[in-house]
Each structure stands twice: as structure tokens, then as C-alpha cells.
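A short worksheet on the structure shown next.
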Amino acid sequence: MAHSAINVFLEGNNISRIIGGLWTSVWIAAVSLVLGLALGTILGVLRTLPNKVIRFVLRLYLEFFRIVPTIVLLYLAYYILPRTFHVNWPASWMAVLAFTLWVAAEFSDIVRGAIESVPKSQRESGLALGLNKMQLFRYVLLPQAAKLELPATINLATRVIKTTSLLMMISIMDVVAVGQQIIEANNQQYPNAVFWVYGLIFILYFIIDYPLSAWSKRLTAKHSR
Amino acid sequence: MAEEILKVEHLNQFYGDWQALHDINFTLNRGEVLTLLGPSGSGKSTLLRCLNGLENYKSGTIYFEGKKVDPTEKNWQNIRQKIGMVFQSYDLFPNLTVMENILLAPRKVQKRSEVDVKQEATKLLKRVGLEKYVNAYPRELSGGQKQRIAIVRALAMHPEIMLFDEVTASLDPEMVRGILKIMSDLSEKDHMTMIIVTHEMSFAAKIADQVLFLEDGKILEDTPGKEFFTKPKTKRAQEFLDSMNF
Amino acid sequence: MAEEILKVEHLNQFYGDWQALHDINFTLNRGEVLTLLGPSGSGKSTLLRCLNGLENYKSGTIYFEGKKVDPTEKNWQNIRQKIGMVFQSYDLFPNLTVMENILLAPRKVQKRSEVDVKQEATKLLKRVGLEKYVNAYPRELSGGQKQRIAIVRALAMHPEIMLFDEVTASLDPEMVRGILKIMSDLSEKDHMTMIIVTHEMSFAAKIADQVLFLEDGKILEDTPGKEFFTKPKTKRAQEFLDSMNF
Amino acid sequence: MNWQIIDQSLPIFAKAFQLTCWLSLVGIIGSIIVGIISSLIQYFKVPILSQIFTAYVELARNTPLLIQLFFLYYAFPVLGLKMSAETCGIIGLIFLGGAYMAEGFTGGFNGVNTSQINSGKALGMNDLQLARYVVFPQGFALSMPALAANIIFLIKETSIFSVIAIPELTNTALDLIGMYYRSNEYLFVLVVAYAIIMIPVILILSYLEKRVRYGSFGN
Amino acid sequence: KGSSSNNSNSSGSNSNSNSSTVTAIKKRGVLRVAVFGDLPPYGWVNANGKRVGYDVNLARQMAKDMGVKVKFVQVNANNRVDTLNSDKADIILANFTVTPERKDVVDYAKPYMKVSVGVVSPKKAPITKASQLKGKSLIVTKGTTAENYFTKQKNVNLLKFDSKTQQFNAIKNKRAAALADDNSYLYAWVKRNPKYTVGIKSIGPKQYVSPAVKKGNKSLLNWANKEITKLNSKGFFTMDYDQELKPYFGKEVKSSDIVLKQGK
Ligand SMILES: Nc1ncnc2c1ncn2[C@@H]1O[C@H](COP(=O)(O)OP(=O)(O)OP(=O)(O)O)[C@@H](O)[C@H]1O
Ligand SMILES: Nc1ncnc2c1ncn2[C@@H]1O[C@H](COP(=O)(O)OP(=O)(O)OP(=O)(O)O)[C@@H](O)[C@H]1O
Ligand SMILES: [Mg+2]
Ligand SMILES: [Mg+2]
């Protein structure tokens, strides 16, 4: 019965392979987040400036990434960029690129929103003290925005982690791809492996994402008090 | 003796189609206190904000210390260092401690030495009775305390003139007194030039060297001394004064 | 004649470990006005909120119209229909028009007929000078207007007693007068029983039939009539009165 | 770019386009219903049910749709529960979307100012009346931004249906690429197709958001 | 970019890939080979996490003969061409059947295997003629010759999957009446899943499987041709068959059904 199929995890080094696949997902998510948040901050700041052209271009950028599903982004990065623009990095770095640009787009909107919701009086009292634009952002607006945007940022991080489940679509040996290999390799001995392997992956994602979203929820609750 | 520190000529300001300030003209001498009175929405805050370039006024000229102000953002950034301003909402930076709030502008804008400014800040904090709170964050302070720190923060820049926009309006009645006392002292002891918007009539009457009464963005009265409170020229001003005392 | 409408015995309230109210005892007669004075944080709002069950007080007894109040939420829901309350923040429902704000509770809570309540609402709106605004949304009103509607909304429930918590504190000084006038009228013309928390001393002195002075959650003085304002018994009350007049 | 290729593929894409729209619509409506039910149960703290729904929301929100679909489509039949791909897709989308919507609505309800609740109480309203007249109308308006974001998110998530052989837009594009090797053309059509769906949706949502916000709070 | 016309090269693939010439590969020291990861016994990952299979063996041998290491890029059927064109791999050894359409977009070396499309179905409800599929569902993998063949047959409702794992899971879950794919995997699969039978052993034209390189990569193409000839003469493919495939096939399959005689 299904119970015996749980033994599929004891076969060979299946468990460590799954963890290895998960690690691939996690580091791609982590690197993309770090780069994406940095780029997104810059873009977000630029979007609060009065320059119409910059704002328009960045808005287009954001909307493109809002419109196109991530799966499609991954394909574009993996297959179109190398051919059309002759950028050819290993698959995982292409994924990092696609994720980074996506995170940057989403985060730029979070940053813009947060900066704009710093009370106007804060900006003005900074100006009244003679701070210039750079100083105003550096010392007044960004630190306060950072606090406002933290919950949304953590939520974005959980989404990025979940989206790594699509990596197998572009030949990256992520946890799902490894899971499929295991299911296929043990097909005969454990016909129900499919249930246990996907079940384990489901749980693994939950274990990573749940603490993050719980943290974000706590912060949100604290804010609204 | 009467040196003109500030002179405003034909100042007009619009929000969209709505004219918030109509042809404002006045002068202010160094060391004097100008109080700006008028009903809500009459343009008092707008005028103050024009005076340190927080608003891009439509037309008119401002002379600061005898020099015509070139109204570019760059230029205002320099002038603002000589103009202190305190707002109704106590706008300390919530992410910085009291001391950091005070140090920020003198250090980063005026590039003064940390030791120097710290010393001065400590002195000023003592003066307003808050030396204990150097390392506190704004959230740990009451409204009145925050407002005192905001005044100290502005003073640490060595301004030539201070602008106060209803600084006691959001405070608990008991806190109001302390703040008003600090402002009186600034005028009497330091001979600070000040423009004050306030609804505390008895305080205004005590401290004013000159009164501007605004309504609908126009100056209805520009009266030297304290005469305004006893013999207002216009009927509107009389009504206003009446309404302020129940 | 002096019918006790409200009686409070040994009321205590805590926030965590912090005791916000210490053994509060007082009585209030029908048709009289009680003013609740005291510095910020002394527990005035907390006491008012206990009186209509918005706080789960720790211990003590409240008698309303002679009956001991059983402090369950269910029971309070009934009693609250007889207790009108107006807060400092003008809490009209932003998604409803003025008329809908007023009708809501009489229709849905008291199940009165629409025609009836509408008629009465119109009369009340006329009384506060806002009959023009029946179909306006709160966002289209000034603070003073909103506060007047909030009072009308409470009155439309035919309360036996009205609680006012610093209802003029967030208003522009010019708006304050109108609201205070409405409250005076309620007392004088309608003999409404009221408990008023206010920082407007001259108004309090005019309207009060009884004064409770609170500090740190304790009643320091419970004085009938207006004596409190001229001859306070405690030094603390004297200081408080001084601080309120600059 | 070879326009002829694109032109030839349009009928196939048109069918996929309809399917994507249809699945999104059903998924979104279902998610909103589940979200409302779940947030109501959580709001009123209905015993047992509210714990169950809290667990559901956390489970659904913190796991990828791809795995949820794999589970529904490939693993459930092992337990003897077999549903068509479309059914799995819709159930998966509603499972995920319902949790996101529930979060959004709960956030809105909790965001209603306590002073509003107090003034409702002070008017003698009972809990149901408070919920009906104060908390829900205002909470709903507050949750509009989350609602809009979730709708956009869910439409995009339908692209993952390609893994369970539902011939929606992404699946169709990847399939055509696999057969005819014209990645540029088919990915181009794919992006345009999503733009045609998303742009009006985004515009309508932001209009509605402003309307509701203005209607409820006046700014 | 790409102009109009019948030259149906995917646009951008016009370059004669300098990163995949034999010189470049040798310089790099790594041959990048696109293989399946979930298709026993051709290209898969065994229970120990090791890549094995008929194609994988060939890949290892090629790299060895070139004197470089091998690096595997796991692909699905529908992204084999893109993997070459986007320079993700130098050569495809993923059961890549030669078809006229594919010849337009990649360059094939000499074939190393025979193949044709077969159809597998449950023994209880066997499908033995294509006509039985009318109005029924048929499972295929995206980008396979089976998909191509049945797309041209009307009245068959195709369920298209990304990977072999998914398609075989789907037939086990009875999501369709049958599954079509290259007959050789089906033989291997039914041996492990005895409730099923390859009811249609061969449908459509006889076909061949060849290594594929990026269009215009003459250098690697020539090398691969020589390599296949050499391996053939050494009997490598028979050996490979015996080692990797034979254990997975039932008695209905013979080595000569799969392995090519030298020459063709
Ligand atoms: N940013 C703005 N955009 C549009 N209108 C504005 C803006 N700021 C102020 N106004 C309008 O300009 C007029 C003058 O406003 P201002 O704040 O200067 O009045 P005030 O005299 O300071 O009033 P108060 O005593 O309430 O502070 C008002 O009618 C106000 O509504
Ligand atoms: N919900 C609460 N949780 C914790 N502490 C509270 C809460 N509400 C009030 N307090 C504390 O209880 C004390 C009394 O508060 P209360 O609001 O009753 O004072 P008040 O006399 O109304 O002051 P004010 O004049 O500022 O309105 C204060 O110290 C306050 O900080
Ligand atoms: Mg103002
Ligand atoms: Mg209070």
C-alpha cells in the first residue's frame, strides 16, 4: 500500500538529493532577492522623482513584469536572451537574472509606495533643515520607507521562493526536477512514490515559507497598532 | 538699528486655479516677532512655506537679508540653513534618536564637527529641560517633549530667523505653556527674529512686535505693535478676535 | 426631584499591570451636567468608556437608572442605546451620507420607522444648522460640521444621558464655539444629563453642576456646583487650573 | 520574426486565450467566494472552523501552486481521487487564491479603525450589526488593493496549468515551440496575449479601486 | 531580425556557433550534452543519483574520445532545439528522432538508433488500431514525433505533457485511453508496468535517432559523424544496447530492432 512507498526516501541517497535540489532553489531565490532588492530600491527612488520620462520608462518596465507570468519570463531569459542579445550564462544565472529583474520591478513599486506614504511633513521638515535631495532620501525617507515596506518585502520573498518551483522548466535541477527523477527511477518498486515525493516537496516549501510569512504578519499587526 | 531681514513683495501663490495668496507685501526687521493671524484656510501656513521655499510660489519677490532670493531649489537649500522652521505636527525623524535628530543637519549639511555640535545640542537640551532624553527615540516622548526637541533641532542650525506654524495646536493644554515659554525666551533673551502662526491669542498679544491678519489669502491688516488686539481696524478682525474667546 | 441616573461604586480598571482607574465612586442626578477634569492620562477617557461598557472594567459596580448593570456585552448593547457618546475624533461612518449616518442606529438597532426617524433627524439637523447637508458625505464636511452631525447622530437615539469626550479638541478654534453652544443648549433647553470631558475651562465653569477632578486614575475632588473653579480644595487642582490659563 | 508563422498560429492561440480567460474567471470568482467565507469565519472566530481555515490559509499561501497541482493531478489518483485536468486546475487555483483573498479581506477587516467600531458600539449595535454596517463595508474598501493584486496574480498563475496538460496560453506556446521550433514568434504572441488580458484588467481594477476608496473614505 | 521566407531557421541561429566547435570544446575541456533525465532506459537518473542510460553512455563515450569531460544538460522533448540554439549545449543525445522539419533547424549527424512511434494502452482495453483512437484522448509529450504524427490525425484529442514522468503518471492515472511515444521506450515501460501493452507497435514512417548539433556547426558535425562510424565499427552500440537497454526490454524486442547495422 501507500505506506510502504514512504521507503522511497530511504533508497540510495534520495533524501540528500532532494535537499540538494532544494538548496539550488534557495540560493537562486536568495541571490535574486539581494540583487533585486538593491536594484528595486534605486528604481523605486527614481520613480518618486518628478522627471516624467524616467517615470514613464520605469512604469513600462514594471508593467511588463506585472503582465508576463514568471514561467514565460524564465523562457525569455533562458532561450531568447542568448540568441538575440548573446548573453549566455549558465541556466541558474539566467534564472537569477529573470528573477532579479522581476523582483526589482515589484520591489520598485513597494519602495515607491512606501516613500510616498512617508508623511509629507517628514520630507518638509528635512528640507526645512537644509538637507539636499540625496541627504533627504539617505537619512529621512529611505530609513522610514524601509520600515513601512518590510512586510511587503517579506511577502515578496516568499513568492520568489515559491516561484523557484518553476526552475525545472528551464533545465535547472531544482527540487521538483530531482523529485521527478526519483519518481521515475523508483517507478517500478514504489508505484506510489509520486504521492510521497510531491508530499515531501510540498512540506519542504511550507517549512521555508511559513516562518517568513508569519514574521511578515507579525510586523503588519505591529504596524497597524 | 532696524535692519530689514525679510521683505516680501507682490507674492502670489496658486493651487491649481485656486489662489491661496493674493499680492502679499510686508517687511520684517531683525530681532522682531511677527505674528500671523487669521481664520483656518486663510493662507498662513502657505505663506510660511513660501518663505523658506517649500512652495514654488507663482510670482513675487522675497528679499532675505537684503538680497533678492533666486527661487531655485539649489539656492533655497542654502537659504534654508539660515531659516529654522517648526511645524504643528512634531516632525522628528522617528528612525533617529533625539541626539541624532539634532546632529543630522549641522553635521551633514553644515559639515560642522561632531564634538562641537554635540556640546551645543547638550546645552540646548538642558535649556528646554530634556537633557535626560538624548538617547531616547521620538516614540518615547510626549507631544510637548517632541515639540521642544524640534525647536532645539532648528536652533542647532544657528538660524537667522525662526518660523513657527501653530506649534502648540496639537498639544495637550498643559504642555502648551512650556513651549510658549521657550518661544518668549527666544525672543526676549536671544532677540531671535521670529514669525509665529498661533491661535493662542493672549500669547500672541504678549509677544508680537507686528501683526499680519490674513483672510482668504489677502493681508487685511498689517499692524505694528500690539494695537491689533485692542483696536483692530477691520470688522472682520474684530469678529475673529471675538470668536477666539468663548 | 433629584433622581439618581448613574451611580458608580468602587470601579477599578487595569491595562496589563497598570491601574488606570482606582476605586472610582460618584453619583449623577438626572438632568445635571458632570464635568470631568484632569491632566492628560489621568483616566478621563477610560472612565467614560467604562460607563458605556466599551471597556471591560476589572471590578466595581455601575448602577444605571437605579438598576445594577450586569456587565455582559449583551446587556451593554441594550444599555448603550440609552447612552449617547461623542468622541474627540469625529467618527462618522465615511461610507454613509449624513442622513444614513443618523438613520442607521435608530432604524437597525431600535427598529423605528424610517419616516419617523427621518423627520426627527431633519429637525435635529436644522437645530445644528446643517439641514443643507443631509445628502453630503462626511468627507465633504469640515471638522466642526462633522462633530455636530456626530452629536445629532447620538441624539437621534433618544439617549437618557450623553457622554462627550473632548469633542472640541481637534477642532479649529473658530469651530469650537458652535459646538459648545449646542452642548449648552442641550443642558439648558433639553435638560439633558451629560458627562463632559473638556479642556475649555471657561465653558466647563459655565455648564458644570458637578466637577470630578481626576489624577492618576483617582478622584482627587468631587465638587458640586462651580466651586471647583474658584476654590479648589487641593493644591494639585489649583496648579491644574493655573496651567490651563496662560 | 516571421509574421506568417504568427498568423498561422493565431487560431490555436485564440482557443488557448479563451481557455485562459475562462479558467481565470472561474478561479477568481471561486477564490473570492472562498476568501470571503474564510475571512468571515476567522473574523467571527467560529470555534473549530476558524482554526481549520487558519491552517488552510497558511498551507495554501506558503506552498507553490505547481506542487499543489502536481499533487491534485498526479498524486491524488493514487488515493483513488481522480479529476479532470481542468477541474484540478480550477480547484488548485481556488485553493491558492482563496487563501490569498482570505488574507486580503482579513487584513481589510482588521484595518478598520477601532474608533469606528467604538462609535458603532456606542450606538448600541450588536456584533452582527457592527460587522454588517461598519466593519464589512469599510474593510472591503480597505482590502481593494489586495483584491486587485490577487486578481492579477491569479491570472498569471494560470500559466502553471501547462504542467497538467491544460491547453491554456503558456502550454500552447511551449507546445508549438516544441513542434515547430519558432520560439521567438510564439513567445512574442504569448506575451502579447497576456498583455491583451492583463492591461484592461489592470486598468479596470485601478479604476474600481479609486472609486471604492473614494466612495468610502473620500481620498 | 530574421527575414521572411522558407529558410525556417529559428532567427538568430545563423551564427556558426564558435563556442561549440571541436576546438572550442577541447579548449574548454567540457562537452555539454543535452539528455533526458526521466526516460529510462535512455537517459535518466538512477536511484543513486547517477545519470545512466543508452544515450548517456554514448555521451560519456564521445567525451572520452574527444578527451574532455562531459557535462549534462537535462532537457524535455520540447526544448531540445532551443537548448542548442541558445547555446546551452553543444550536442543533443536525447532520443532526437530525425524529421524533415527538424532538419531545417538543426544539423543531424549519422543515426545511431532505429525508432518509430508506438502506442501503449491498458491490457484491459487495448488499442490496436489507430482508428480506435477516434474521439478518445491520447497522451503525448510536447515536441515529440508522436505528438507531431497525431497532431496531423484528426479526431484524436491530445493531452500534451512537458516531461516523460508526467506523461507516464498520466496514463497510470487513466487520464486517457492510450499514450503514444517512441516504441522502444514503450517496450521498456510495459516491462515494468505489466498491466499495459504496446498495442500498436509501429505507426507512421520508420525513423532514426541521431546526434544533433547547432545548425552550421560543421566542425562538431564532422567530428560526430566520424565518431559514430568509429563506434559502430567497434560494436559500441551493441554493447551499449546489451548493457543499458536489454535488461529493460521484454522478449519482443531484439537488438536489431534498435541498433543500426553499419552503413546506414
Ligand atoms: N497642497 C495644497 N493643494 C491644494 N490646496 C491647498 C494646499 N495647501 C493648502 N491649500 C489650500 O490653501 C488654502 C490656505 O491653506 P493654509 O494651509 O495656508 O491655511 P492656514 O491659514 O494655514 O489654515 P490653518 O489655520 O487651518 O492651518 C486653504 O484653502 C487650503 O485648502
Ligand atoms: N488601551 C490601552 N492600553 C494601555 N494603556 C492605556 C490604554 N488606554 C489608556 N491607557 C493608559 O491609561 C491612562 C489613562 O488614559 P486615558 O485615555 O483615560 O486618559 P485621559 O485622562 O483621557 O487623557 P487625555 O486627556 O490625554 O485624553 C493613560 O496612562 C494611558 O496611557
Ligand atoms: Mg496652517
Ligand atoms: Mg482622553
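Proteins get letters first, then strands, A, B, ... in listed order; numbering begins at 1 in each.
Proximity to chain A (any heavy atom under 4.5 Å) is shown, for E157(D), by neither the backbone nor the side chain. Both the backbone and the side chain of R66(A) have a heavy atom closer than 4.5 Å to some heavy atom of chain D. Proximity to chain A is limited to the side chain of I202(D), based on heavy atoms less than 4.5 angstrom apart. Heavy atoms of S159(D) lying under 4.5 Å from chain A belong to its backbone as well as its side chain. At a 4.5 Å heavy-atom cutoff, the contact between V163(D) and chain A is made by side-chain atoms alone.
The aromatic rings of Y75(A) and Y79(A) sit tilted, their planes meeting at an angle between 30° and 60°. Aromatic ring pairs are classed by plane angle as parallel below 30°, tilted from 30° to 60° and perpendicular above 60°; the pair F71(D) and F76(D) is perpendicular. Note on ring orientation: taking the six-membered ring where Trp is involved, the planes of W3(D) and F188(D) are perpendicular (angle over 60°, cut-offs 30° and 60°).
Checked by atom type and distance alone, the side chain of S25(A) pairs as donor or acceptor with a backbone atom of G21(A) at under 3.5 Å.
Taking 4.5 Å as the limit, some side-chain heavy atom of Y194(D) sits within range of a side-chain heavy atom of T170(D).
Within a 6.0 Å radius of CZ in R123(A), other residues, nucleotides and ligands contribute 12 heavy atoms or fewer.
Of the residues considered (I177(D), I67(D), T114(D)), I67(D) shows the highest number of contacts with chain A, using heavy-atom pairs under 4.5 Å. When the candidates V72(A), T158(A), V197(A), T70(A) are compared by the number of heavy-atom contacts under 4.5 Å with chain D, V72(A) comes out ahead. For chain A, the option among L174(D), L169(D), I199(D) with the highest count of heavy-atom pairs below 4.5 Å is L174(D).
Residues from residues 168-183 of chain A that place a non-hydrogen atom less than 4.5 Å from a non-hydrogen atom of chain D comprise M168(A), M169(A), V176(A), Q180(A), given in numerical order.
Taking the charged nitrogens against the carboxylate oxygens, E58(D) and K217(A) do have a contact shorter than 4.0 Å, which makes a salt bridge. Between D209(A) and R61(D) there is no salt bridge, since no side-chain nitrogen of the basic residue lies less than 4.0 Å from a carboxylate oxygen of the acidic one. Of the charged side-chain nitrogens involved, none lies within less than 4.0 Å of a carboxylate oxygen, so that E209(D) and R213(D) do not count as a salt-bridged pair.
Residues Y61(A) and F65(A) bring their aromatic ring centres within 6.0 Å.
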